[in-house]
Structures are given as C-alpha cells and as structure tokens.
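First the structure, in the form of structure tokens, and then the observations on it.
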Amino acid sequence: MMSSRLLTLRPQICSARLSALTRRHENITAAFCRPGSCFNTSDEHKRRSRTPLVAGHCYGRRFFSLTPAGIVNAAPASVQPYLRLMRLDKPIGTWLLYLPCTWSIGLAADPGCLPDLRMLTLFGVGALLMRGAGCTINDMWDKDFDKKVSRTATRPIASGDITRFQALVFLGGQLSLALGVLLSLNYYSIALGAASLSLVVTYPLMKRITYWPQFILGLTFNWGALLGWSAVKGSCDWSVCLPLYVSGVMWTLIYDTIYAHQDKDDDLKVGVKSTALRFQENTKVWLSGFTGAMLSGLLLAGVNADQTAPYYCAVSAVALHLAHQIYSVDINRPEDCWKKFASNRNLGLLLFLGIVAGNLWKKRSDEQYETQLNSISH
C-alpha cells in the first residue's frame, strides 16, 4: 500500500520540482534580458554604467541600495513619481541650493567656533523642500516642452504619471513644510525668505523670455547666502553678504551654462533660450569672466569677515577647480558637461571647509597674540 502511494506521489513531486526550476530559470532569464536590467547589455544606459547596486536588481532579486536612486526605487510604486518629481533621485540640485547657505552660516559663526549645527540642519531640510518645490513648479510650467525633449520626456508630469492638479496639491504640501522651517527663524529672516518666493515661481518662465535664465536661477539659488547670515546674526551685514551673494550668482552662471549645453539642440527645436545658446562657441570666454567676478566677490567677503589663511587657500583651490572645469569641458559632449556640472558639489564643499577652518584659525591667532603680550609683560 505504502509503495504504491509513493509511486503515485513521485510523478507529482517531480512535476512540482520541474515547475519550480522552470520558474527560477524564467526569473533569471528575465533579469538578464529585462530592459533596464544591470545584465542587459543591449540597454544603452547600462552599457555606460554597469553597477548592479544602482540598478537595484541582481539575478532577478531586488535589494535595497543606499544611493538616492536606490532609495527612490525601493519606495512604494505610488510614491515614486512624487519623489522623482522633487528630484530626490538626483540630489545635485539640492546640494547646489544648500551650499551657499552653508557658506553664509559658516562666515557668521563667532571666531574660533564651528558653524551653528541647528542652522545647518534647518537649512538642509529647507533646501530639500524648496528645491523639490522649484522642480514641481518647473515641471508644471514645462509639461509640453518636456514631452519633446528625450532627457525630460520621462518626468512624472510629462509622462502622465502625475496630473497637474496632483502636482499642485503636492506643491502645496512642500511649501507648507518649507514655511514651517522658515517660521523657526527670526522675523528679519522670515521676511527675507518670503521675498525669494517670487523668484522661485517665475524662474521657469524666464527661458521663454530671455537668453539669461541662468542669471535668474543664480538670483534664486543663492538667496541662502543672504538668509544664512541673517538667521545667525539677526540681520545682514551687507559688506559680507552682498559680495558672497554675487559670487554665488556668478558660480551658478558657470555651472548652469555648462549644464545647458547638454540640451542646446533640443532647446533650439522647442524654442526656449539659455546662456548656452547665447554664448555658443564663446562660452569659455564668458565663463572665465564669471570666474573672475566670483573670485573677486569671495576675496572681498573674506576680507570684510576678517577671514584667515585657510579661507584664502580654499579660494585658491576653488580658482584651480574652476580653471580646470572651463579649460577641459567639451561643450559638445553632454556626458562631459554633466560630469563637470556635478563636480561643483565638491567645489562648494571645499569652500565651506575653508570657511570653517579659517574661522577656527581666528581663535588660534588671537591666542598666539595674547601669549605674546603676556610674555612681553612678564
């Protein structure tokens, strides 16, 4: 009886195992062949960057990656379009908005002290929210343009993953949270921060009107150079804040002109303007001029803030970094333009570290001076 039952079950067991092996084989094959998979060598994007951690797949299995893109991919499917709308998977824009804030907060610190950690945190959260809000506004304005450009056609509003009404509701949520951050500052800073909202709303329209939308972006993105100081000190010292702000605007003209060269062919087709189209083959000459203006502003801000040797060493390093960017960038290769554009995060961090070190050096210099006075008096 038992042997006959085993004989009956054996074909069923073999069949179940065969089905399981078949499904496993199909999963592995799908992982190799799926468009966008890290193993699909026919996919153009993965030929350029074959990193399984970025793709979030390995032999048909998903796993969590700590990269920004991996975090977005690991989120629920219903949430992912909103995270992409605020460019959470591409944090370089948040860095470029945040870094001028850190410069200003660092310069405002008392001699011998580190920057205010609470302010750095608040401004980091604010930069994330306001950059997301700016991207949402931009995509709402540019829905029809984005559909015609290959690089932007997959953005959530252009692709239909999010409606304009849904984006508007999401924008309201982002601005409400950003307002909460702003209201935690002093009254002077609240008024100063509110004044920047008109720039945030109107910037996306500028590319339809002028060949200088990068200048308007600079005015918008570097508002933190004013706001950071006022948040720490209670008001702006214009002898420091204004040159720092102008330097930031010049910096934005440099990196965003390089960025705009990626899209110049598509911009011509859809009829939008940029400094890349304005400067064309004279781009490097213009960028060199902006570099000179940026460095002059940083030097003036440093002198007026009583900065010390480490700060000026950092400014020298910034000058070398920009010189390398401008000299080596190939404005006709989008990949190289993106690489040079993204390197500006490191430039901004380098200047911030120079500000912090220069501020700490002030205390050392004072202590040395007091020691010399004491030795002379004795």
Side-chain angles (χ1 to χ4, degrees), residues 94-131 177-200 218-252 294-312 314-315 318 348-367 369:
T94 302
W95 277 109
L96 296 175
L97 179 61
Y98 177 54
L99 285 165
C101 306
T102 68
W103 303 344
S104 190
I105 293 169
L107 285 171
D110 292 331
C113 297
L114 291 169
D116 189 322
L117 182 59
R118 175 177 173 271
M119 286 298 172
L120 289 174
T121 303
L122 281 175
F123 276 78
V125 174
L128 181 67
L129 292 169
M130 287 307 298
R131 194 263 178 141
L177 293 173
L179 178 62
V181 173
L182 184 63
L183 292 176
S184 66
L185 307 179
N186 56 62
Y187 290 123
Y188 185 99
S189 300
I190 291 171
L192 186 62
S196 69
L197 191 59
S198 59
L199 289 170
V200 175
L219 296 178
T220 308
F221 254 50
N222 293 280
W223 203 259
L226 308 176
L227 195 57
W229 183 286
S230 71
V232 175
K233 297 289 192 181
S235 63
C236 283
D237 180 346
W238 294 104
S239 68
V240 177
C241 295
L242 191 57
L244 186 67
Y245 181 59
V246 171
S247 294
V249 174
M250 295 299 106
W251 184 44
T252 302
M294 177 186 177
L295 296 174
S296 298
L298 291 177
L299 291 173
L300 182 57
V303 169
N304 291 335
D306 297 321
Q307 270 294 340
T308 54
Y311 173 81
Y312 297 106
V315 172
V318 165
L349 287 171
L350 178 62
L351 181 58
F352 173 64
L353 292 176
I355 291 171
V356 173
N359 214 45
L360 294 175
W361 191 272
K362 290 179 185 179
K363 184 175 183 179
R364 181 185 300 177
S365 299
D366 291 343
E367 288 176 347
Y369 180 70

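- Heavy-atom minimum distance, Trp103 versus Gly248: CZ3-CA, 4.5 Å.
- For Ser247, there are no side-chain hydrogen bond (donor to acceptor under 3.5 Å, both in side chains) partners two or more places apart in sequence or in a different chain.
- Under the rule for a side-chain hydrogen bond (donor to acceptor under 3.5 Å, both in side chains), the partners of Trp251 that lie at least two apart in sequence or sit in another chain are Asn344.
- Put simply, CG on Asn222 and CG on Leu199 are 11.0 Å apart, with the number rounded to the nearest 0.5 Å.
- Under the 4.5 Å side-chain criterion, counting only non-hydrogen atoms from C-beta, Tyr312 is in contact with Leu299.
- Formation of a donor-acceptor pair under 3.5 Å by the Tyr245 side chain with backbone atoms of Leu219 is found in this model.
- Residues satisfying the side chain to side chain contact (heavy atoms under 4.5 Å, CB included) test with Leu353, not counting sequence neighbours, are none.
- The shortest heavy-atom contact between Ala314 and Gly354 is CB-CA, 3.5 Å.
- Pairs engaging residues 99-113 under the salt bridge (charged side-chain N to carboxylate O under 4.0 Å, His left out) rule: Asp110-Lys233 [sequence neighbours left out].
- In this structure Tyr188 satisfies the side chain to side chain contact (heavy atoms under 4.5 Å, CB included) test together with Asn186, Leu192, Ser230, Ser235, Cys236, Trp238, sequence neighbours excluded.
- The side-chain heavy atoms of Tyr311 and Val303, taken from C-beta on, include no pair separated by under 4.5 Å.
- Judged as a side-chain hydrogen bond (donor to acceptor under 3.5 Å, both in side chains), and not counting sequence neighbours, Asp306 has no contacts.
- The distance from the CG atom of Leu242 to the CH2 atom of Trp229 is 13.0 Å, given to the nearest 0.5 Å.
- Annotation: salt bridge (charged side-chain N to carboxylate O under 4.0 Å, His left out) contacts involving residues 187-199, sequence neighbours excluded, are absent.
- Within the 3.5 Å criterion, the main-chain N or O of Gly218 finds no donor-acceptor partner in the side chain of Thr252.
- Taking CG from Leu183 and OG from Ser189, the interatomic distance works out to 11.5 Å, rounded to the nearest 0.5 Å.
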Expected list for residues 111-127: side-chain donor-acceptor pairs under 3.5 angstrom, two or more places apart:
from, atom 1, to, atom 2, distance (Å)
Asp116, OD1, Arg118, N, 2.9
Asp116, OD1, Met119, N, 3.2
Thr121, OG1, Leu117, O, 2.9

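- Looking at residues two or more places apart in sequence or on another chain, you find a side chain to side chain contact (heavy atoms under 4.5 Å, CB included) between Ala178 and Leu129, Met130.
- A search for side chain to side chain contact (heavy atoms under 4.5 Å, CB included) contacts involving Ser239 returns Asp237, Asn304, not counting sequence neighbours.
- In this structure, OG1 in Thr94 is found 10.5 Å from CG in Leu99, a value given to the nearest 0.5 Å.
- We find the CG-CD1 distance between Leu227 and Ile190 to be 10.0 Å, quoted to the nearest 0.5 Å.
- Between Leu351 and Val318, the shortest heavy-atom distance links the atoms CB-CG2, 4.1 Å.
- Under the salt bridge (charged side-chain N to carboxylate O under 4.0 Å, His left out) criterion, no residue pair touches residues 186-198, with sequence neighbours excluded.
- For the pair Met294/Val249, no side-chain contact is recorded, criterion being any heavy-atom separation below 4.5 Å from C-beta on.
- The side-chain hydrogen bond (donor to acceptor under 3.5 Å, both in side chains) check on Thr102 picks up nothing, with sequence neighbours excluded.
- Taking every heavy atom of both residues into account, Val240 and Ala305 meet most closely at CG2-N, 3.9 Å.
- Remark: side-chain polar atoms of Ser104 are not paired, donor with acceptor, to backbone N or O of Pro100 under 3.5 angstrom.
- Between atom SG of residue Cys101 and atom CZ of residue Phe221 there is a gap of 10.5 Å, rounded to the nearest 0.5 Å.
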